[in-house]
Trainee: 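Quick one: this structure, given as structure tokens, is what I'll be asking you about.
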Amino acid sequence: MKISEFFLPTLKEAPSEAKVISHQLMLRSGMIKQSSAGIYSWLPLGFKVLKKIEDIIRKEQDSIGGQEILMPTIQPADIWVESGRYEDYGQEMLRIKDRSNRELLYGPTNEELITDIFRTHLKSYKDLPLLLYHIQWKFRDELRPRYGVMRGREFLMKDSYSFDLDLEQSRLTYQKNFLSYLRIFARLGLKALPVKANPGPIGGDLSHEFVILAPNGESDIFFDKTLLELDPLSKENYSDKNIIDKAYNKWAQCYSVTDDIYNEKEYNQFVSPENRTNSRAIEVGHVFYFGTKYSKSMGANIINNKGESVNVHMGSYGIGVSRLVGAIIEYSHDDKGIIWPINVAPFSVGILNLKNGDEYCDRMSELIYQNLLIAGVEVLYDDTSERAGSKFANMDLIGLPYQVFIGLKSKETGLFEIKERSTNKRYFLALDSLINHLTEIFN
RNA sequence: CGGGGAGUAGCACAGCCUGGUAGUGCACUCGCUUUGGGAGCGAGGGGUCGGAGGUUCGAAUCCUCUCUCCCCGACCA
């Protein structure tokens, strides 16, 4: 993509409404436009990042047997009446009526819908286990939306729902999803930690939040430092129950809790003094087992191998996709702008023609651009006639992992400067090795 | 929902107290000079001052109502 043709409305100054850094940077880099409080339009640059995150999640979920579906944003009230949550949910739920006065709602979550799908179509234990997920917009009418997309009212979420015959199978499903989440966040370029969440009445120990450490986080977490050293991308084969169990326990047995269930005595008992640490954190995912809560109230039954009808055991696994965009920026930026982790960057490489109009610079920029495109590298070429300084600033702001400079220096030496955004490391390469080098990194 | 703040050009803001033809910087257009870290000079374009009502000869400015946005708190992926 050439910047001269790309819709990229960047700003030098951040709109005053934005207070946290990720929100400011998203507005300045032209990723989003606020529509109303907590509701945003996603412009091309932001939308690309959103899609990248979705794709990573999708691949990982598919790899543990998840099947993608898509449920509607608008739901009928009656299934919520049935589950008992129509009353319970309160004002966070956006309730609407259609032209014939039927009660509808904009879904804040999808347990009712998925349970309804399940009970209609699945009858036998032979159909289990089943893991369905979708990536869909949700709406919660928050008392106070804030922090840009990290706490919007409308937000994109991946949620999965698992169906198992009993608690034991459900636990295995839970563990698989837990490990899948670790891989997802690692592939997004994040250090995510599982944290024991408030278990509620049903879940027992099967409830974790996944958080990333960032100073603008909404909650405090207390944890054992050894968590930071565990490898989320372990190459172990997770098809064996015992291996899954072992891998899961390695993580789950490490102490980490949110401040709302923090207990000093317990903390001191389970964590040695040198390993105790705490940090602000942003919640980006949540996994939990909720047993038969919805299958019971909504009659989602399965016939087991003894011919008995039993309530199916369910779990739910959420990732805040749109929130992650903000969270990643909170986690990865500097005073110049965003620093995208490679896997979620909207483009991999930015080409800066520092002397637009110079025959050599124009020709070489175009050549590098075309060669990278052919090699399958996602590249954004700044072909505008802006001054060099403003191109540097703009490219640093939008945070692409690599920048290539073509200027009069290249004309003299035949070498092109490459800058690595995250480390500010710079080096010079000739045309062929430059193309090879970048192609290798991104393939 | 309680407490606080703000709505004036795409963005940041001044003007309001003390009513009298709406301004500055950035951005945008044109010209000249410049050209490896957000250039300089000159010339332009763009605003029913959030909305409604009122006071007044006259309202961005004073009064009343209203909408929206932001911040702190309780609540949340």
Trainee: Relative to the ring of A/Phe290, is the ring of A/Tyr294 parallel (under 30°), tilted (30 to 60°) or perpendicular (over 60°)?
Mentor: perpendicular
Trainee: Can a side-chain donor-acceptor contact be found between A/Thr115 and A/Glu112 if the only test is distance below 3.5 angstrom?
Mentor: no
Trainee: In whole angstroms, how far is the C1' atom of B/rG36 from the NZ atom of A/Lys411?
Mentor: 15 Å
Trainee: Applying salt bridge (charged side-chain N to carboxylate O under 4.0 Å, His left out), which residue pairs with at least one partner in residues 17-34 of chain A are found, sequence neighbours left out?
Mentor: none
Trainee: For residues A/Asn353 and A/Asp362, is any side-chain donor paired with an opposing acceptor at under 3.5 Å?
Mentor: yes
Trainee: Is it true that A/Phe222 and A/Tyr255 have ring centroids separated by less than 6.0 Å?
Mentor: no
Trainee: Measure the distance from CZ on A/Phe428 to P on B/rG36 and round it to the nearest whole Å.
Mentor: 14 Å
Trainee: Using the test side chain to side chain contact (heavy atoms under 4.5 Å, CB included), find all partners of A/Ser348 that sit at least two apart in sequence or belong to another chain.
Mentor: A/Val377, A/Glu378, A/Phe442
Trainee: Donor-acceptor pairs under 3.5 angstrom involving side-chain atoms of residues 434-441 of chain A: please list them, not counting sequence neighbours.
Mentor:
residue  : atom : partner  : partner atom : Å
A/Asn436 : ND2  : A/Asp432 : O            : 3.3
A/His437 : NE2  : A/Tyr427 : OH           : 2.7
A/Thr439 : OG1  : A/Ile435 : O            : 2.5

Trainee: Is B/rC57 paired to anything, Watson-Crick or G-U wobble with both distances less than 3.5 Å, and if yes, which nucleotide?
Mentor: B/rG20
Trainee: Can you give one letter per nucleotide of nucleotides 71-77 of chain B, 5' to 3': B if a protein heavy atom sits under 4.0 Å from the base, S if only from the sugar-phosphate, - if neither?
Mentor: BBBBBBB
Trainee: Validate the cation-pi geometry between A/Lys48 and A/Phe347: distance from NZ or CZ to the six-membered ring centre under 6.0 Å, angle to the ring axis within 45°.
Mentor: yes
Trainee: Just verifying a value: how many Å separate A/Tyr161 OH and A/Asn110 CG, rounded to the nearest 0.5 Å?
Mentor: 4.5 Å
Trainee: Distances under 3.5 Å between protein N/O atoms and the N/O atoms of nucleotides 41-46 of chain B, please, pair by pair.
Mentor:
none

Trainee: OP1 or OP2 of B/rA39 less than 4.0 angstrom from a side-chain nitrogen or oxygen of A/Arg387, does that happen here?
Mentor: yes
Trainee: Can you check the A/Lys419 NZ to B/rG37 P distance for me, whole Å?
Mentor: 12 Å
Trainee: Determine which nucleotide pairs with B/rG37, using a 3.5 Å limit on both distances of a Watson-Crick or G-U wobble pair.
Mentor: none
Trainee: Both A/Ala14 and A/Phe405 contact RNA chain B. Which one's nearest nucleotide lies toward the 5' end?
Mentor: A/Ala14
Trainee: Output the rounded distance in Å from CD (A/Gln24) to P (B/rC11).
Mentor: 15 Å
Trainee: Are any of the side-chain nitrogens in A/Glu417 or A/Lys409 under 4.0 Å away from the carboxylate oxygens of its partner?
Mentor: no
Trainee: Which residues pass the side-chain hydrogen bond (donor to acceptor under 3.5 Å, both in side chains) test with A/Lys355, not counting sequence neighbours?
Mentor: none
Trainee: Closer than 4.0 angstrom, basic N to acidic O: yes or no for A/Glu68 and A/Arg58?
Mentor: yes
Trainee: Does the structure show a Watson-Crick or G-U wobble partner for B/rC26, both distances under 3.5 Å? Name it, or say none.
Mentor: B/rG10
Trainee: Please enumerate all residues that pass ring pair (Phe, Tyr, Trp, His ring centres under 6.0 Å) together with A/Trp80, with sequence neighbours excluded.
Mentor: A/Tyr89
Trainee: Restricting both atoms to N or O, compile the protein contacts to nucleotides 26-29 of chain B shorter than 3.5 Å, with distance only.
Mentor:
none

Trainee: Using a 4.0 Å heavy-atom cut-off across all strands, classify A/Lys336 as base, sugar-phosphate, or nothing.
Mentor: base
Trainee: If you check every side-chain atom of A/Ala393, which of B/rA12, B/rG36, B/rG38 has the closest atom?
Mentor: B/rG38
Trainee: Contact list please: residues 28-54 of chain A against RNA chain B, heavy atoms, distance less than 4.0 Å, in numerical order.
Mentor: A/Arg28, A/Gln34, A/Ser36, A/Ala37
Trainee: Can you list everything that forms a side chain to side chain contact (heavy atoms under 4.5 Å, CB included) with A/Leu94? Sequence neighbours excluded, please.
Mentor: A/Tyr106, A/Phe139
Trainee: Do any of residues 343-368 of chain A sit with a heavy atom less than 4.0 Å from RNA chain B, and if so which?
Mentor: A/Leu354, A/Lys355
Trainee: Can you establish whether the number of heavy atoms outside A/Lys296 located under 6.0 Å from its atom NZ is more than 12?
Mentor: no
Trainee: For B/rA39, does either OP1 or OP2 sit under 4.0 Å from a side-chain N or O belonging to A/Ser390?
Mentor: no
Trainee: Under the side-chain hydrogen bond (donor to acceptor under 3.5 Å, both in side chains) rule, what pairs show up with a residue in residues 176-185 of chain A, not counting sequence neighbours?
Mentor: A/Glu60-A/Arg183, A/Gln61-A/Ser180, A/Lys158-A/Tyr181
